[in-house]
Structure formats: structure tokens, C-alpha cells
Amino acid sequence: MISWDSIETKWRTKWNQSKEFEIEPDNRPKKFITVAYPYPNSPQHIGHGRTYTLADVHARFLRMKGFNTLFPMGFHYTGTPILGMAKRVQEGERELIENFEKLYHVPPQTIKEFVEPVKIADYFHEEIKHGMIEMGYSIDWRREFTTIDPVYKKFIEWQFRKLKSLNFVIQGSHPVGWCPKDQNPVSQHDTLGDVEPDFTEYILVKFRLDDMIIPTATLRPETIFGVTNLWINPKITYKKVRVNDENWIVSPECAYKLEFLNKSVEVISEVSGAELVGKTVSVLDKKIPMFPASFVESQTGTGIVMSVPAHAPFDYQALIDYQKQNSAINIKPIAIIKTEGLGEIPAKEIVEKLGITNQEDSKLDEATNEVYSKEFYSGVLRENTGKFAGLKVSEAKDTIKTWLSELKNSDILLELNDGPIRCRCGAECVVKLLNNQWFLNYLDKDWKNKTNQCFDKMSILPNEIRTEFNYVVGWLRQRACARQHGLGTKLPWDQNWIVESLSDSVIYMAYYVLAKYVNSSQLKADSLSDEFFEFVFYGIGELKQISIKCNVPEDTLSQIRDDFVYFYPVDARHSGRDLVPNHLTFFVLNHVAIFPEELWPKQIVVNGSVLMDGKKMSKSMGNIIPLRKAIKEYGADPIRLAIIISAELLQDADFNLESVNTIKNKLEAIYEDCNKYKPGMPQTLQSEDKWILGRLNNLIIETTAAVEKMRLREALHHILFAFESDLQWYLKRIDAKEREEFSGILHKLLSVRVAMLSPFAPHIAEEMWERLGNSGLVSRSAWPVPDNSTESISVQSEELLHSTMEDIKNVLKVTKMNPQKIVLYTADSWKVKAFRKIASSVLAGQTNIGAIIKELIADPQTENIKKDPDFVKKSVNSILSESAEIRKLRVELEPINEKSILSSELSSLIKKEYGVNIEVFEESDSTKYDPKNKAKMARPFKPALFIE
RNA sequence: GCGGGAGUCGCCAAGCCCGGUCAACGGCGUAAGGUUCAGAUCCUUAUCUCCUAGGAGUUCGUGGGUUCAAAUCCCACCUCCCGCACCA
């Protein structure tokens, strides 16, 4: 057993002492690795650990490759959730406070302070930071910051003035779910029952009654041509209201809702629905009557409904109901849409089909849906719709909406779906049209083009996710970039607004350069102006002047500029895939907007999320494991490896505690081995030595390639497991030969593996490195490189030995024999020649047996093939079942002397394994011992064998 | 609806882009043996089916097709997951 805690502490202390990760510019090439900073509203769990661990492995790998690699970290205080939490603490909400106490183990004294949002952020900031330190992340902590630091705010102000000067910031109105009591927008977690406040846009069609306007809300403006009457509920008392400069009649609820939609609403008087029944209204030169209907609801729309009985089942049924009471009414539905599969009067048909008999029938909803969806996708407007005839309903909807609006015959009403929705404060929410909202105009064509250019040139890992980025860029429209509440930076030109949190987190990687100077008090917010940022980021302006104006010493100022020039651009940005459609895309958009092309980001690395025992982690499932708790229990390195090895980059990683244990044991076993071997190569290398060193080269090449593609699961797999079977073979060989001078070889193998392990499991790798007696820190050592010593002869001969052993084992297994004697026969020389010819044919793509045989017969050296045509088929198959590498060797290399290899090398293995001696003959040796006539089955690399 | 992704031998999970190296890496689990006072760990072996000679058969969501050869390419279908905004 080893003490993970003390090993980890030991090495963290050493790194700290030698300021290992405090990166300054020097003459080496640089890499700048960044990750999306955390939002400190809860402690980190295993899932958060994934992205940061991947980035850390990346940074550590690049350092070993010789790059001066900066890996910094900040904390994102900006946003509303923390504000909401503070409010809920203030209100003493049980559930939340219990979470703090029981799940997060926050001291009660501290929870009391959580009424102040910053205290929440500060607390979890420290918590998360400690977790990152304990995980061994190679972060340069001198560059830490939060997004509410004064200098950061100056930086964001500069960013926004910049964007505005580029015309990327525009103003407009925007609807949101709204709590009238809190005077606040509501999102899902602000509502009772966590309902997402979704809303629908209704078209208000204006009907005229003398000097009054009667608006009706509809989702189907195209049906205006089929309107026959209006429905009004005689039991409702309507309001006459002055809306802007018109007089409207609407339900009281509607009047209230209109106020939030930027209309001035003034109630003039009341009028009962009954009074309105029978009056005639007009629209588009058409005069229609108002009839009573009970299905009309006061709280929906305007409380008055436009009736299209041909296409709306509700309207149709209400008309039938009314005509029953009042036979004088003679109104015929007007069909205006023709739809394949629906008859002349669709509403009539469906009502009759479903057996609906009155307007209170709940089946009317189903009927409406059916008619609507069929008409929407396959309906076409009829001749009686004038210039719109022939249009598909799906197109006509928008066309007619615009047309009505141009005629000033319509307006818009926004209404919450699935209402009523209540705010956590209890008040009923409405839709509010926020005026003068600020947007980033991601719709801008040139901006999109530039962004696509950047993406095209950028490395995206894994590349599969690239199409998703392209899609997002195409789909993005204006995006609100300011809000009225929460922590953050005020919009520099409009102090009523705070920069929204996905907009103040897009170019902050540049700020890491400044943060170091802020933290050492060399940079103060007070006198920083835009000139400062322009100088640092663009090199624009006069050093002297800016130094005086911004109160920054000249040498400091030019040093900051030099730092920026050195470290920028970002070489890799890591993040979870949930940030693809927002942060990562905005990050690129804003970089191309603000920075010149040479400073555009070089790479994005996207990883999937983490599942716990196959399930999503969530508070309600109680399967969240806090990172720091896990570190205490299992050690940082086992957790790092368990997260990485469970899935490839974009897949969801299934984390489970058993796998952490397995990894831990594996590491401990390697650690034990590190105590066993001493450096120093043997005088002469034997075949198996050359072979295993060749395999080591292979391991280095494959591992390196995998890490470079951030295929870390694969890389770790190579280091930890794949090499194991090679090693086993090697150990078996030296054991059989009773060798003693192999320690140096194993020392070398281990050293290379430990070096490659160190980015993944940095603490234990240092300890292993020290045990191996290697000098310095492994994290400072060079990433291993292959040394070209791979000898193909040894590859072929070990291969031969290995496969022959397998054959023998196989025969013994099937026959259940107890071997007394093992005899091997190597193939005739003509077979060797034929085999090489076959191999080169196969390599050239010729696998047709007949053609190969013809070719062989044509050559006197191989014409013997006539006696044994089956040889060709077997050879082709065996060549096809070898790796590409071996296939090539088969053709390129001179044949090896199988007889001498088998007799000299195989005998010890057989002796060790089965305690018997072997005899080796050539196939055509006339003195051979071959009672069962097996020798003729011999093929190159596949000696025939006889066991008795 | 729009867009993206997945379905592999008990579980997790590679492979699919670039067809033969694939009965299909590896890990977990399971079984047997070894180490151990015992256990944990560790090591070895086995783990689709059949086989007394190194072999054969049937598999990679379903059904077709292309090819000497398909988990891999093409077509159709079924099932599941994720994102769609002002929220970090």
C-alpha cells in the first residue's frame, strides 16, 4: 500500500517550490492552453473534472514536447443564478439550504452570509480552486482573476465599446417571460415547478365597429378569407380601452397583458358581451356579424374570436349550435384551403367523423390539431383568396401576416403557453416586450463569413463536431448581450444594463496576460483607458503618452505588450460539448471581430460529459460525487486516469468507483516494479531484447500520435495495458533462457512508460521516476522519442516463435495430450520462394488464387505448386490475417533461417513450458523423424509439427 | 419540426472515415490455478458454439444490395440520446 495523499502533497510542494507552472516568455516556442472557467455556484464534481483534466494533460504533454506552455484559470462570477440563490437564502428556502449543509458541507455560519451573492461566489471559488490544486493541475495561479475585478470590468467595457464601434451591437425589442411583481425576467429556475416560460405569437386581426376596433387573436392569419362571423362570450364584461391612439374592445385580462407589450393602455369604459351580440363589424371590405359562443375564454387572446367554420372545428360546432337555437341564421362556411385527403369543408368532416355534438366537447382540441397539421403541411390556398391563391399554407401564413400588418389591419399579441405560470414569488407571469434591449448582431453576413473562415482554418478535435459549429454559425441571429440584474460589468454607454454573462466571457483569454500584473498590484483600474487596451492588444499608440495617461510605468506597459505578443493567440481551448452552440461559437465570433487574423484561435477541443454508473449525474438522483471528496478517498491520479480511460473524447464517460480502484491497483503495481530495476544496458543485445526495444519504439510512436489527436483513452490504453502482453512475452523469453542481465532493459522500458504516464498521472509518475533513480522531475523530462533501432529480423523471429508456441498450445488443448516429444518441420526452399511471390502479389492487391497459381507455375523455381495448390490458398489467407507492417516485412526482408531460430530459441521455451525437448527438421530432410507424415504441411512462418 | 449523434460477443467500450491485420483491442464481471496463515492486492489461464492436430460454424439494431471479401461501403426500416437561445 502506498500513501497517495503524502505522495501527492510531496510533489505538489516541489512543483510549487520550483515555480514549475509559473510561465514567463522565453526563447522557446510557446503554447497557450485554456479551458472554459468555472461558474462558482457549487463545488466541483467528477463531471467538471473531465474538461480540466483533459486540458491539464494537454498542457503537460506540450511542456514535455518542449513548448513553453501556459495554462491559466479564472472564475466567472457574472450571471444571474448566484443572484437567485442569494435571494432564496434570504427567503430561507429549505431545499437550497439543506443542499448547502448536507450535500456541500458548507459551515452554517458561512451559509448565513450567502444572502450576499458575492459571498456565494467567493466561497465556491475557493472550494473549486482547492480542488484544482489537489487534482494537480499545472495552472499558473498568478494569473487568476474573477469577472468582477475592477480591471476586468475595464477590459469588458473596452470590448463593448470596440464591438459597438464596429457596429456589431444594435438595439431592439425582445420578448421575455416576466414577473410583474419582481419586475424581472423569469427563466425556468425562477418559476414554481420549474416551468420554462415559453410563449406564442398571436396575430391580432382588427375588425372595425364604428370608431371602435375589435381585435381577435389567431394563429392562422391566412384564414381571414374564410371568416364568417365573430364569436363573443355574452357572459364576459369587456373593456373599452384606449390603446395608443385607437379604441379597442378586449377582455379585462387582455387589457392587462397589452400593457406589458409596449402599449399605452387606458380603460375608458365597460361593455358586456351580451350587448355586442348581433352587431356587425367589418374587415377588408367585408361585413360580418358577431354571435355568442360559450367556448370563448376571457383569459385567452382578446376574449373575442374570429370564426372560420370551414377550417376551425370549434367555429364550425359553435355555428351549428347557434343555428339550432336560431334558425334565422343562415351562414355557410367558406372554404379557402384545399388539402389532399380532406374534403370540401374540413372542419365539418372531422366534427362529424369524431361524433362531436356540441362546442363543450373535449374532442374538439384533437380535431383542431388534425385539421391544422394537415392543412399546414399540405394545404394550398384556393382561388377565393385573391392574389394569395395557390400558395402553400406554410408559406402563406407569413406572407399574409406581413400583408395585414402593412395594411395596418393587424397587431401582435404574445401569450405564455401552458399558462398560468407563476414566479417563485407567487405572482402570475406575463410576456413582456423589453424595449431597447441591446443585441450582438450575430446575423451580420461579413461577421459570419469571417467566423467560418476561422473555423475552416482551425483544428477542431474531434473533427466530427465541426459540422455542428458550421450549423450554429448559420443559425445564430441577434443575441441579447445585456440584462438588468446580476453580477457583472455595466454597459459603458448605458448604465441601466449589465453585460450578459455569455458575452463577457468570450475574449478573456487575453486578460490572463493582464491578470498577473493586476495581482502583483502593478496595474490598477482607476486610470486605465481604452488606449491602454489598444496598446497592449494592437500595439497602437505612443508608449510614453499612454504610460502617463494610464499611470502605468513604461517598462511595465511594454512588458505587458510583449507578454501578449508572446502568448497570443490561444493554441487550444477546451470545453464540454454543451458549450458548442453558445460559448465556443461566441468565442470564435468575438475573436474574429476584435482581433486581427494572426491572433485568431488555433484549436478547439470538445469533450463529452460524465455519467455516473451509466446515469446522468443530478442532485435528485443523489449520485453526484464531489471532486475533493473523491480525491481524499482515492487519490487524484487514479481519478484523473479513471475519467480519461472510460471513454474517447466526445463520448460520454461512464465513471464508476470500481474502475478507479482498478486503476489505482494498476498504478501501484507499476510503482512496485520501479523499485526493482537498475539502469545499464547489457553488453550485447539478444534477439528478444532487440524485439522488445522495437516494441517500445512502436509504443512511443502510437502513444504520441494518440495524444496529439487528444485520443487520450487510446494513449493511456497503450501505456497501461497494450504493452503488457509484449512485456509478458519478453519476460517469458528471458525466464526460459535463465538470463540475469536484463535489468537495464526493463529499467528503460519502465522509464519510458513512466515518462509518458506523467501528463496523465503527474504525482505518482514523479514518485516512480524518483524510484527509478532518474534525475530531475519527470514533468520536466523530454517526451520519449523512438530511436530507430527496431530490427525487422528480430520482429520476424519473435513472431515465428510466438505463433509456433500458440500452435503447439492449440494442438495440446484440442487433443488433451500430455507431450512426450515435439517435432517441428520447416518449409522447403521452393515454398519460401513461392510464399514471397504470393506475399508480393497480395501486397499489390492481387488476391485471386487462380491468377496467382498460374503465375507460380510459369516459374520453374516455383512450379512445384502444382503438387500442392492448397498451399496458395492457405498462404494468401495467412498473409491477409497479418498486420500491414508484417506483410511488408514478408516481402521486403530476406527470409529468416527458421530452422536455426527454432532450434536455438524455441527449445528453452518448450523445455520451460512443457519439460520436453524438441527436434527440428527441414521438410525434405531424408533422415527426419516423421511417423504421421506431417512434414509436408509446413509453410513458411508456419512450421509443421508433430507431437507424441 | 430543424440540426447533430448512437445501437458491437453479461456490463462498459474500441474498431466504422481509409473493406481483408476482426470471433472482433482493452477494462469490468465470471471461472480455474498460483502467491498468501487467511483475505484484499497481485500473477497465470479461460470466457460465442463445436472440435482428440494446429480447424470449422454462427455473430456486430433489422431487412436488402455491392464485392473474391463487409462490423466497416450503399439503400430502406426500427429504437434510443442530445441541442434549439438570452440560460450558465
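Chain A is the first sequence line, chain B the second, and so forth, proteins listed ahead of strands; every chain is numbered from 1.
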Options B:A88, B:G4, B:A53, nucleotide nearest the side-chain atoms of A:Pro81: B:A88
Distance check needed: B:C42 P versus A:Lys664 NZ, whole Å only. 12 Å
Can you tell me if A:Arg713 touches the phosphate of B:C25, counting only side-chain N or O atoms and a distance under 4.0 Å to OP1 or OP2? no
Taking for each residue the nucleotide of RNA chain B with the nearest heavy atom, is it A:Ile465 or A:Thr78 whose nucleotide lies nearer the 5' end? A:Ile465
Side-chain donor or acceptor of A:Asn810 under 3.5 Å from a matching atom on the base of B:A53? no
By nearest atom, which of the nucleotides B:G3, B:C28, B:A14 is closest to the A:Thr662 side chain? B:C28
Looking at B:G83, B:G20, B:C87, which one has an atom nearest to any side-chain atom of A:Arg479? B:C87
Relative to each other, are the rings of A:Tyr508 and A:Tyr37 parallel, tilted or perpendicular (30° and 60° limits)? parallel
Which nucleotide in B:G5, B:U52, B:C87 has an atom nearest any side-chain atom of A:Thr467: B:G5
Looking only at heavy atoms, the pair that brings A:Lys664 and A:Pro638 closest together is CG-CG, 3.9 Å
When the ring centroid of A:Phe586 is compared with that of A:Tyr442, is the distance short of 6.0 Å? yes
Considering every strand and a 4.0 Å limit on heavy-atom distances, what is the contact class for A:Ile879: base, sugar-phosphate, or nothing? nothing
C1' gap between B:C12 and B:U67, integer Å: 34 Å
What is the ring orientation for A:Trp475 with A:Tyr471, classed by angle as parallel under 30°, tilted 30 to 60°, or perpendicular over 60°? parallel
Taking atom P of B:C80 as reference, at what distance in whole Å does atom CG of A:Leu611 sit? 18 Å
Upstream residue (5' side of RNA chain B) when A:Asp654 and A:Leu945 are each assigned their closest nucleotide: A:Asp654
Quantified in whole Å, what is the C1' atom distance between nucleotide B:G26 and nucleotide B:U47? 15 Å
